[in-house]
There are 4 protein chains.
Amino acid sequence: MDISKLNESDRNFASDNVAGVSPEIMKALVECNDGNASSYGFDAITERLTSRLCEVFETDLIAFPVATGTAANALALSVLTAPYRSTICAEDAHINTDECGAPEFFTGGAKLLGLHSPGGKLAPEAVDSIFNKTRTEGFQTAQPVTVSLSQSTEWGLTYSVEEVRALAAVAERYSASVHMDGARFANALVHAKARPADMTWRAGVDALSLGATKNGALAAEVLILFDASHRDAASAQRKRSGHLWSKSRYLSAQLLAYLEDGLWLRNASHANSMARRLAGGLTGVPDIELAQPVQANEVFVWMPSEVAERLAASGFRFAKWTRGAKTHRRIFRFVTSFATQSNAVDDLVHWAARIVP
Amino acid sequence: MDISKLNESDRNFASDNVAGVSPEIMKALVECNDGNASSYGFDAITERLTSRLCEVFETDLIAFPVATGTAANALALSVLTAPYRSTICAEDAHINTDECGAPEFFTGGAKLLGLHSPGGKLAPEAVDSIFNKTRTEGFQTAQPVTVSLSQSTEWGLTYSVEEVRALAAVAERYSASVHMDGARFANALVHAKARPADMTWRAGVDALSLGATKNGALAAEVLILFDASHRDAASAQRKRSGHLWSKSRYLSAQLLAYLEDGLWLRNASHANSMARRLAGGLTGVPDIELAQPVQANEVFVWMPSEVAERLAASGFRFAKWTRGAKTHRRIFRFVTSFATQSNAVDDLVHWAARIVP
Amino acid sequence: MDISKLNESDRNFASDNVAGVSPEIMKALVECNDGNASSYGFDAITERLTSRLCEVFETDLIAFPVATGTAANALALSVLTAPYRSTICAEDAHINTDECGAPEFFTGGAKLLGLHSPGGKLAPEAVDSIFNKTRTEGFQTAQPVTVSLSQSTEWGLTYSVEEVRALAAVAERYSASVHMDGARFANALVHAKARPADMTWRAGVDALSLGATKNGALAAEVLILFDASHRDAASAQRKRSGHLWSKSRYLSAQLLAYLEDGLWLRNASHANSMARRLAGGLTGVPDIELAQPVQANEVFVWMPSEVAERLAASGFRFAKWTRGAKTHRRIFRFVTSFATQSNAVDDLVHWAARIVP
Amino acid sequence: MDISKLNESDRNFASDNVAGVSPEIMKALVECNDGNASSYGFDAITERLTSRLCEVFETDLIAFPVATGTAANALALSVLTAPYRSTICAEDAHINTDECGAPEFFTGGAKLLGLHSPGGKLAPEAVDSIFNKTRTEGFQTAQPVTVSLSQSTEWGLTYSVEEVRALAAVAERYSASVHMDGARFANALVHAKARPADMTWRAGVDALSLGATKNGALAAEVLILFDASHRDAASAQRKRSGHLWSKSRYLSAQLLAYLEDGLWLRNASHANSMARRLAGGLTGVPDIELAQPVQANEVFVWMPSEVAERLAASGFRFAKWTRGAKTHRRIFRFVTSFATQSNAVDDLVHWAARIVP
């Protein structure tokens, strides 16, 4: 194994957001830095982005580029969920546990109803059950009107097209909307080998937070709404939340490059394959076992704490996963990205094997 | 006049945010794109930025980089102003007229008390008077606890150090805080030939929204708080408003390059001098006269509407300034930036002179 | 003049809310205190109230009883105005100056655009002008979508049916709604000798805060919406703002008694006539003159400060009216109510005449 | 059994808020209806109320009378919990399930962390565990800073003084505040035979929503804060949420009468004893068994659905209790009040026994 060119930075598996920017995207930023352009999204690049998204998703849509996933998610919910309503999501959903209350802030106080959901995946029966229960409770309950699912989930699992459809069917039965937190949408898409349209609006999804940052962008996500009647609300909410860039071309340019020539899918494929490689390697080590199937670019393993400590001491970075219940205490998370090198993966496996005798 | 190299993009004087990114800043972005780095602001570049800001401002401070001026302003106010309080500002202040209610959103509904203020400059007497009036009104009034001033103002004027001090003294008399919207802080600073510290905390300013985007950055502003007791609140509010970048290094790198070797002051000086050049040229044209003194990088002129229409028809971009009263209807705004070329300015003056016989 | 039965409490002209409860209303409270009843508005009395309101206003409507005027107003605005929009009102409107930011709270941060309006009356031209201006400003402005007028105004003036119609016509031109703060609606109605329907929905009013507290109730106002599509929103917002009484019958009973046999109009007529009597008396005193015509139950007079001080020293209560501009400093407000006794009015005039030589 | 005087209204066990007003309290309302009085809480009765509360609770305190429990609770949380923080409560807590998001509204979006808590009682270990977990999660989590407990709980259980102390000790360890939802505080107090001070501030409670409506008032609760530093915030929030009555004397008069001569404790004792009588009777019926111990004025029983249906058909009113899990489906709730008659209880038992063969 040639690990001579590795440095400590390469040993960072803490998250896919520790990676830098995809060269193609950085190039696009440099290239669009030419002369003046209309600000606040009235530039030609932003116009091209919307067209491109319509092609990629095979439908008319409205698109709101922003810099962070939290912004995209909270913006989506603020459009779909009135302050006196609620959103059903997995207990471990990013919107419920990692955004410091952003959805509550943007919606003006709408509640999140977090369902216990193994692997972070909502089960249609559980969603149906909570709708059914709350609908009988009347005016005292903040009625759920939105279902939000993470694709892929916070536990590295993905929904198939059929699974998305089944959830959306439940939502529709209760006249509720469906939001998809797609911070790692591309990773799920390549896993499912599905078309973007099939995975979203054709399956019943109303709003998609399409992530790019974790998959090679500098800071770019785009809220996609398949119902143009939300235009005014989304537009105004983006502005008043401070998420409309004056120099919008630099946001749109990232996203255009991201979608160009399938870069988003190539990057995601690479990240996913590195995750599988890592999972394959680690499961060959005694005392380490997978905590979840690896379907995207995250690897969750049960590992003795002392092994984790010695890996950390050797400069490896990864996350202690305490979310959920106490019984997960010794689960650790490793995340790969478009930039993960195969020898860095092998290096990690090698060290783990050395530590565990 | 050599205008052979001008294209339509060079004729865009609509705002300083139509400009691209300063080459030095783009270079810094490219250079920091190397390997993995801790996310959410725990990277080395962000650490360096804070140190650098402490040097530049000659004091300890806490700094919160964000992508837009609206975010910096609203974040500042959310820290300084409780939901049941209010902020005194100029009627024409950006926070009051151009942010679609962002301050009200971030503060949870605190009111803005917009004072009629010629040129966008708050007068200490007027501020004292509104404090005095509201303090006698008691619990029914959302009591003002913050004064927000724009440096430079939305009308291209600047406050001297003494003027800032006088306003802050009034605020202090009523135990109120002072926020400075410094979207064009550098332009005001070079006009005043003042030290950053003298213009801010030494004069009584508690929070500064230090702008970089309009002066050469891609998308970067930094909220500076001179009182570290606000750390938790600002930190949490930045996160839940979606303004904490996962790849924070790319935000900090812009700001570091901005402050490096005085780039921010050089850029601002250039913009200011282009504004003076434009003002000088336009005032030589009959029927055109200055509506405000030119102290920063904005030029406001009274101009016949037909002249404006013919300039626009020739590809020039600038703003019809209708804010304030109907009598301002024929005021137009031209903004210069770090990227404005002197021959583009001369070209504009030339055309204006040709149109006005 | 027989003032032998007067006590200091009778000398209180500070507001109409210093009065007690109309005997008819207190009687209704005592009478409805019989046995159990369904809570949260599902009781028979509340049902009767809605029917009665439909009769009084000659149309179908939905009604939301609450205990305070601030609640009724803020609830109305929360239904009509999205968080990123704004409401046009008079600068001196109660919603803008006396509710400590309740409208901003309930709407989630929507702005109030307070127009300078002599006597607290909105002028159609001024409203048209602000609509026109903001509509050209685009996405950066919190667009006004509601016009709120006070009937009667905070300066004791009333709108005629024609004036309400004219304002509503302007609002309609811009697809905006109309809210009427009717804390003193009955006083305006009897002054105009108009039918409730003509003064409201037939003139274009969408939402009415119908006040009862200031005119004889213990604590009762009712938000009336003439468009039933707002039912869910108003219902939920009332609950989550804590304004749905569990024992709703005691709220509805007040309002039913208020409307019974024209009590509301009788009470208002008395209050108005006491105001006219007071105005007539005071204007007979040298150095005292009316600041506003007396159209409802409030009397605003210019009066030397020393006269005011001596009246206060004699136990009279009234308000120093500093709102608006400094030039109003010596305006004082006297308010009459359903409970004001004519000899208390005469007593006040008598004392004022004695003080002013 | 003499049930000749019973009517259908007497068969209403749906809630304690279906009852009317205690005669002593109605008398107080009638008696305070004499002459004018200062509005907005500056009246003599409100002043007396505060004094009386200080006596009853044996300490200095600040008190904010409002009309509903939702208002008192949400107001309390808005003072204790910043928008970017959270409150720990039982999953079934009224604030989490029955107030349509009022806490989220008043706090500006602070989250509720609902812990699975059998009987609605928070366990110190569970509270400690969630504090411990969230404290390690850092800035992405809305950190809990308040613990809210219901006394008595939504399942009719009560905390002993020692239990309150234990919970408050956990909260203190994490620098968190303690709120007690005392909608049925008197019922818990008489059950525990404890002094109000021992049950609250001496045990570590910072804020108490002291209920009166469910126990004999018309519409009156009082938020009690044992830390006067919250005065400004609570005062302003009460005003801007529309919960400051202009004729405050009628709110305070209810509460004064409530506390006078131990009426609150007598009423609660009666309600509790009626609940015990009912529980005793029902558990004598085959196929009916208690679902929870009866410690206050609520009786939860397992009962065959058909029995419930036939009771309902006979005019009895009670609640189907579906909260929590599906396994509670056949739990029904009966609530007694100060006004419940013993023969009505016996009547219910009699019918139940007749239905169940």
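In what follows, every chain begins at residue 1, and chains take the letters A, B, ... in the order their sequences are listed. Computation of the quantities below employed the complete heavy-atom set of this structure, encompassing side-chain atoms and omitting hydrogens, waters and symmetry-equivalent molecules.
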Problem set entry | Partner chain C: residue of Met26(D), Glu8(D), Glu99(D), Arg317(D) with the largest heavy-atom pair count (under 4.5 Å) |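 So the answer, after comparing Met26(D), Glu8(D), Glu99(D), Arg317(D), is Met26(D).
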
Problem set entry | Best-contacting candidate, Thr70(D), Asn33(D), Thr68(D), against chain C by heavy atom pairs under 4.5 angstrom |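 Heavy-atom pairs under 4.5 Å are most numerous for Asn33(D).
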
Go through the atoms of [X] and report whether side chain, backbone, both or neither lie under 4.5 Å from a heavy atom of chain C.
| X | result |
| --- | --- |
| Leu29(D) | both |
| Ala217(D) | backbone |
| Ala74(D) | neither |
| Ala19(D) | both |

Exercise. Are Phe334(D) and Phe318(D) close enough that their ring centres sit under 6.0 Å apart?
Worked result: yes

Problem set entry | Tyr258(C) side-chain N/O to Glu221(C) backbone N/O, donor-acceptor pair under 3.5 Å | no

Exercise. For the side chain of Ser39(D) and the backbone of Val18(C), is there at least one donor-acceptor N/O pair under 3.5 Å apart?
Worked result: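 No, Ser39(D) side chain to Val18(C) backbone: no donor-acceptor pair under 3.5 Å.
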
Exercise. What orientation do Trp245(D) and Trp245(C) show, parallel under 30°, tilted 30 to 60°, or perpendicular over 60°?
Worked result: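 Geometry flag for Trp245(C) against Trp245(D): parallel rings.
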
Problem set entry | Option in Gln237(C), Lys27(C), His243(C) with maximal non-hydrogen atom pairs under 4.5 Å from chain D | His243(C)

For this session: Determine the option with the most heavy-atom pairs under 4.5 angstrom with chain D, choosing from Asn12(C), Leu251(C), Leu218(C).
Result: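 Maximum pair count with chain D is reached by Leu218(C).
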
Exercise. Taking NZ, NE, NH1 and NH2 as the nitrogens, is one of them in Arg277(C) or Asp346(C) under 4.0 Å from a carboxylate oxygen of the other?
Worked result: yes

Exercise. What are the two closest heavy atoms between Ser241(D) and Phe105(C), and how far apart are they?
Worked result: CB-CE2, 3.7 Å

